[in-house]
Amino acid sequence: MLRYLTAGESHGQALVVIVEGLPAGLEVTAEQVQNELARRRLGYGRGPRQRFEEDEIVLLGGIRHGRTLGSPVAIEIKNSEWSRSDVWHEEMSPAPGKTKKPLTQPRPGHADLTGMQKYGFDDARDVLERASARETAARVAAGALAKIFLGTIGVEILSHVVQMGSARNTTAVRPLMSDLSLVDESPVRCFNKESEAQMITQIEAAAKDGDSLGGIVEVLAYGMPVGLGSYVHWDRKLDGLLAQAMMSIQAVKGVEIGDGFEVAGRRGSEAHDPIVWDEANKSYRRESTLAGGTEGGMTTGELLVVRAAMKPLATLNRPTMKTVDTVTKQEVVSFKERTDVTAVPAMGVVAETMVALVLATEAQRKFGGDSLAEFVRNARAFSDNLAP
């Protein structure tokens, strides 16, 4: 199975991720990982930090001469702010000491206050540095490896924004993998130009008010094999694994597989995907994607569709939210860290990552193999021998 662990803080020296379980022989370059990290910085409404964060990576271990060794892969993502600012050298130093400016006005909607209470901290920075969505850069690096791995059996993943604030995508046409560059070129990563313009208008209005916006992204996985996940064990149902992974993304508060929420209001006769026999390809097909490519906790081999809803960011450019100073207990306005008007487009890239990591884990569980050749051979043999 694939396992990964991230470490590091938002303004610390670096983020680190260790990925265990990749087979030997997978071709990986630093440029591939770097490209995925660059995609995470995309999006209209991002703050100034995205313009100078370069996400310089170092492949520390597990890869030799461009190929994985079967041992854990370690990746470091250096923090460019650390090297340019004496402030963060002092503020985030691991050496014994104490901050000169403790943060004692916890922000509503963040982990600040509950984290302080849970761990006994008197400074919100002890919480927010790790709770920050900056941590997702390490996950995207891990997800880059998972995408490369899945690509060896024909699985490819992309995302696009389907809602920004109250502006919704007005077309049912979904992007194909060949459309990925068009999606990424969109300022809001929306596949529909008319909807894109409406989303940008909403972002500009929120920015003018010093406010923030949430939205919804849709992740699509093409080329899925049949049978990833399980109907036998509750904790291996693919729907559950995907939901947990998506909900682990900072600020995500809702997840659906396929048309999950919409079909809840339909009758059963209109809520399921009819099964047909494809004589040309000698395989079963579903005529729609209402279930999002899963049935009984397993992939059906159809397009996998997962959506994630992100709440508006809780840190505002014009702080107005009421809170309490944890020292004086007096009512105050929450402090402000650098923030974005919206991070929905970037969240889509992170959501791709989480879907890729879940699918890669389940593919390795299903097909196994210590070498890439063995893994691919096992997957092909399974596919070739599916029951008619």
[X], [atom1] atom: more than 12 neighbouring heavy atoms under 6.0 Å:
| X | atom1 | value |
| --- | --- | --- |
| Arg266 | CZ | yes |
| Asn35 | CG | yes |
| Asp325 | CG | yes |
| Trp234 | CH2 | no |

Is a salt bridge present between [X] and [Y], judged by a nitrogen-to-oxygen distance below 4.0 Å?
| X | Y | value |
| --- | --- | --- |
| Arg307 | Asp259 | yes |
| Arg39 | Glu36 | yes |
| Glu295 | Arg286 | yes |
| Glu9 | Arg134 | no |
| Glu204 | Lys208 | no |

Stepwise side chain to side chain donor-acceptor pair (under 3.5 Å) test for Glu279 and Trp277:
CA-CA 6 Å; Glu279 182 62 31; Trp277 175 253; 2.8 Å; yes
Show your reasoning for whether salt bridge (charged side-chain N to carboxylate O under 4.0 Å, His left out) applies to Arg377 and Glu374.
CA-CA 5 Å; Arg377 185 170 63 247; Glu374 183 181 5; 5.1 Å; no
Pair Thr104, Thr326: side-chain N/O donor-acceptor within cut-off below 3.5 Å:
no
Does a donor on one side chain sit under 3.5 Å from an acceptor on the other, for Thr289 and Arg174?
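Distance-only check passes for Thr289 and Arg174.
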Do the rings of Phe367 and Phe382 sit parallel, tilted or perpendicular, given the 30° and 60° boundaries?
tilted
Is any side-chain heavy atom of [X] closer than 4.5 Å to a side-chain heavy atom of [Y]?
| X | Y | result |
| --- | --- | --- |
| Val355 | Leu304 | yes |
| Glu352 | Leu357 | no |
| Asp55 | Arg41 | yes |
| Leu150 | Ile157 | yes |
| Pro187 | Ile200 | yes |

Salt bridge (Lys or Arg N to Asp or Glu O under 4.0 Å), paired with Glu90, selected from Lys100, Lys98, Lys101:
Lys100
Work out which heavy atom in Thr342 is nearest to a heavy atom in Leu213; give both atom names and the distance.
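The answer is OG1-O, 3.0 Å.
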Minimum heavy-atom separation for Gly115 to Phe121, with atom names?
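Answer, listing the atom of Gly115 first, then Phe121: O-CD1, 4.1 Å.
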How long is the gap from CD1 on Ile57 to NZ on Lys78, to the nearest 0.5 Å?
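That separation rounds to 11.0 Å.
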Here the gap from Leu359 atom CG to Lys366 atom NZ, rounded to the nearest 0.5 Å, amounts to 14.5 Å
